[in-house]
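Have a look at the structure below, then the notes.
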Amino acid sequence: MAVPHHSQETSYLLPPNPEDWEKQGIPDFVYGQKDLVGKKIQWPRNSPSAADTPPLSRFDSALCSAWRQRAELGLFRYRLEDLQTQILPGSVGFVAQLNIERGIQRRRPQNIRSVRQEFDPEQFNFNKIRPGEVLFRMQREPNGPAAPKQEDILVVINVSPLERGHVLLVPAPALRLPQRLLPGVLRVGLEAVLLSWHPGFRVGFNSLGGLASVNHLHLHGYYLAHPLPVEGAPSTPLDPKGCIHLLQGLPAPGFLFYTSGPGPDLEALISRVCRATDYLSDREIAHNLFVTRGAPPGQASSTSDLSGIRVILWARKSSFGIKESGAFNVALCELAGHLPVKTSQDFSSLTEAAAVALIQDCLLPQTQADEVQAALVALMTREEL
């Protein structure tokens with residue numbers, strides 16, 4: 001049964017007795033169009049706020065209170081303390097964090113050999129998680145008869161968190177969908193960012209070969225109390241209508257899609273992004289995607305201009321197996337400028353130049369990158385005719 005809007009945050013908390021967790025069922029987080037905030041979310045002028053400090057939206061309150069309770073109950077692989085954080089000196093503005101426990105305790109990646117690998121029920125998947133790991137189900141109120149069908153999306157803790165509030169958005173685990181982006185789950189990911197009043201709540205996707213460690217469809221969502229370079233980096237349009245832009249001025253150029261908020265433009269963006277990721281998947285090209293509040297495309301903007309939603313897509317070299325040679329692994333958050341570092345030595349010695357080298361080593365060769373860009377521009381132009 002759906003949880004009503006006026007319910008208290010305890011609706012999303014587990015009962016004291018673990019034997020009752022499964023009996024309780026999964027509460028619904030019900031939201032509607034009026035809860036989606038496209039504008040007026042800004043970084044505070046003095047210092048960024050933590051995930052669970054005011055102002056909080058209903059979504060933030062539900063997620064943070066339930067996540068904090070699961071931490072107190074010991075459902076994570078490690079206790080996440082305040083992470084040592086530094087902004088690397090240089091022009092990029094990398095946010096580096098020391099997260100030793102994640103490097104040691106996280107689940108070993110599955111044996112992946114293809115971007116299009118089928119779901120394997122014998123491997124770890126989200127049908128095997130403990131009942132207490134599910135926080136709630138996202139439940140969108142109907143928005144008229146023409147509204148897109150709402151996916152059944154669970155919000156689940158990431159037991160090896162990057163930061164406080166790190167969750168996974170998992171569509172109907174029983175469907176056993178492989179890790180390939182679909183419009184329904186992307187829509188809920190975008191709406192989750194619009195539901196949060198925290199400027200640092202971001203959502204992302206790693207494809208197989210793009211450091212996804214589980215081949216069961218999911219997005220990541222987490223809070224980071226720091227602006228990131230991708231929020232205001234400059235871009236140039238790649239097509240006459242401005243449907244797709246090239247993000248510039250960063251170590252990893254990416255394809256930028258932008259919307260000012262909920263409505264028809266959001267649906268058009270979802271369609272374009274998924275056409276692009278389908279193209280990449282069909283050609284065995286690994287990719288990462290990052291969703292954040294940010295500035296409109298064009299010239300470089302300050303981090304105070306968070307007037308819409310930026311979706312950045314990177315095509316990259318495939319990377320299969322465990323990679324432990326560098327200070328950090330390159331996936332969705334690293335490409336966006338957030339660097340979770342695995343050892344104290346690497347954290348103290350990391351420089352912007354070293355970070356740039358690690359990231360650029362994962363990018364496609366320039367000839368292939370140019371081919372992908374031309375193909376995506378042609379795809380967007382053809383679909384808009």
Side-chain angles (χ1 to χ4, degrees), residues 3 12 26-31 35-36 51 57-67 70 75-76 107 119 124-140 148-196 198 200-208 210-224 262 266 269-270 273-274 277 287-293 309 311-313 331-333 336:
V3 175
Y12 307 101
I26 300 171
D28 287 339
F29 178 82
V30 181
Y31 66 98
D35 297 305
L36 306 178
S57 67
R58 283 195 315 111
F59 174 79
D60 295 318
S61 295
L63 191 158
C64 292
S65 62
W67 194 96
R70 272 55 166 194
L75 293 181
F76 293 86
R107 183 179 288 109
F119 176 87
F124 170 79
N125 62 77
F126 300 114
N127 293 304
K128 300 182 179 184
I129 63 175
R130 297 165 291 181
E133 295 179 28
V134 181
L135 303 185
F136 50 81
R137 180 189 296 108
M138 300 287 283
Q139 189 68 254
R140 179 77 140 88
K149 182 181 180 299
Q150 170 67 45
E151 300 290 323
D152 185 13
I153 308 286
L154 301 184
V155 178
V156 177
I157 62 170
N158 188 322
V159 295
S160 302
L162 285 167
E163 255 287 10
R164 285 185 170 82
H166 188 176
V167 295
L168 304 174
L169 307 181
V170 182
L175 294 178
R176 309 199 301 183
L177 298 168
Q179 183 68 349
R180 180 164 175 163
L181 192 62
L182 294 175
V185 68
L186 177 59
R187 179 179 299 108
V188 175
L190 289 162
E191 289 180 342
V193 173
L194 290 167
L195 284 168
S196 175
H198 194 294
F201 182 76
R202 281 81 172 219
V203 164
F205 172 84
N206 295 322
S207 79
L208 300 180
L211 267 64
S213 58
V214 176
N215 185 17
H216 195 181
L217 182 55
H218 63 285
L219 302 181
H220 291 263
Y222 73 107
Y223 295 89
L224 179 68
L266 186 69
L269 179 146
I270 291 166
V273 171
C274 287
T277 56
H287 46 282
N288 306 94
L289 180 141
F290 195 80
V291 181
T292 183
R293 292 186 184 272
I309 299 293
V311 179
I312 305 103
L313 174 66
L332 64 92
C333 59

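Listed by chain and residue number, nothing satisfies the salt bridge (Lys or Arg N to Asp or Glu O under 4.0 Å) test with Arg70 (two or more places apart in sequence, or in another chain). Remark: Arg293 engages no residue in a salt bridge (Lys or Arg N to Asp or Glu O under 4.0 Å) (not counting sequence neighbours). Partners of Phe290 under the ring pair (Phe, Tyr, Trp, His ring centres under 6.0 Å) rule, at least two apart in sequence or in another chain, do not exist in this structure. Under the salt bridge (Lys or Arg N to Asp or Glu O under 4.0 Å) criterion, Arg130 pairs with Glu133, not counting sequence neighbours.
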Please determine whether side chain to side chain contact (heavy atoms under 4.5 Å, CB included) holds for the pair Asp35 and Arg58, giving the CA-CA distance in whole Å, both sets of side-chain angles, and the decisive distance to 0.1 Å. CA-CA 9 Å; Asp35 297 305; Arg58 283 195 315 111; 3.5 Å; yes
List the steps and the verdict of side chain to side chain contact (heavy atoms under 4.5 Å, CB included) for Ile153 and Val185. CA-CA 7 Å; Ile153 308 286; Val185 68; 4.1 Å; yes
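Residue Phe201 comes nearest to Gly221 through the heavy atom pair CE1-C, 4.0 Å, listed as atom of the first residue, atom of the second, then distance. Minimum heavy-atom separation, Pro171 to Leu177: CG-CD1, 4.3 Å. Taking each heavy atom of Tyr223 and Ser196 in turn, the nearest pair found is CE2-OG, 4.0 Å. In terms of heavy atoms, Arg140 sits closest to Leu36 at NH2-CD1, 3.6 Å.
Thr277 places no side-chain N or O within 3.5 Å of a backbone atom of Leu181 that could act as its donor or acceptor partner. Checked by atom type and distance alone, the side chain of Ser207 pairs as donor or acceptor with a backbone atom of His287 at under 3.5 Å. Asp28 places no side-chain N or O within donor-acceptor distance of the main-chain N or O of Val30, the cut-off being under 3.5 Å. Between the side chain of Asn206 and the backbone N or O of Ala331, no donor-acceptor pair lies under 3.5 Å.
By the 4.5 Å heavy-atom criterion applied to side chains, Leu75 and Val159 are not counted as neighbours. Within the 4.5 Å cutoff, the side chain of Leu289 has no heavy atoms near those of the Leu332 side chain. A heavy-atom distance below 4.5 Å is not found between the side chains of Phe76 and Ser160. For the pair His166/Leu224, no side-chain contact is recorded, criterion being any heavy-atom separation below 4.5 Å from C-beta on. Taking 4.5 Å as the limit, some side-chain heavy atom of Ile270 sits within range of a side-chain heavy atom of Leu190. Put simply, the side chain of Leu169 reaches to within 4.5 Å of the side chain of Val155, judged on heavy atoms. Residues Ile129 and Phe124 are in side-chain contact: their nearest non-hydrogen atoms beyond the backbone lie under 4.5 Å apart. Counting heavy atoms from C-beta on, the side chains of Met138 and Leu195 come closer than 4.5 Å.
Counted by atom type alone, Tyr222 and Asn158 present zero donor-acceptor pairs between their side chains at under 3.5 Å.
Between Val167 and the options Val203, Val156, Leu63, a side-chain contact (heavy atoms from CB on, under 4.5 Å) holds for only Leu63. A ring-ring contact (aromatic ring centres under 6.0 Å, His included) with Phe136 is found for exactly one of Tyr12, Trp67, Tyr31, namely Tyr12.
Expressed to the nearest 0.5 Å, how far CD1 of Ile26 lies from CZ of Arg137 amounts to 5.0 Å. Here the CG-CD1 distance, from Asn288 to Ile312, works out to 11.5 Å after rounding to the nearest 0.5 Å. Atoms SG and CG, from Cys274 and Leu182 in turn, are 7.0 Å apart once rounded to the nearest 0.5 Å. In this structure, Leu266 CG and Leu194 CG are separated by 6.5 Å, a value rounded to the nearest 0.5 Å.
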Could you tabulate the donor-acceptor pairs under 3.5 Å formed by side-chain atoms of residues 210-219, not counting sequence neighbours?
residue: Asn215; atom: OD1; partner: Gln179; partner atom: N; Å: 2.9
residue: Asn215; atom: ND2; partner: Gln117; partner atom: O; Å: 3.2
residue: Asn215; atom: ND2; partner: Glu118; partner atom: O; Å: 2.9
residue: His216; atom: ND1; partner: Phe126; partner atom: N; Å: 2.9
residue: His216; atom: NE2; partner: Pro173; partner atom: O; Å: 3.2
residue: His218; atom: ND1; partner: Gln179; partner atom: OE1; Å: 3.3
residue: His218; atom: ND1; partner: His216; partner atom: O; Å: 2.7

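Judged as a salt bridge (Lys or Arg N to Asp or Glu O under 4.0 Å), the pairs with a partner in residues 168-182 (not counting sequence neighbours) are, in order, Arg180-Asp278, Arg180-Asp282.
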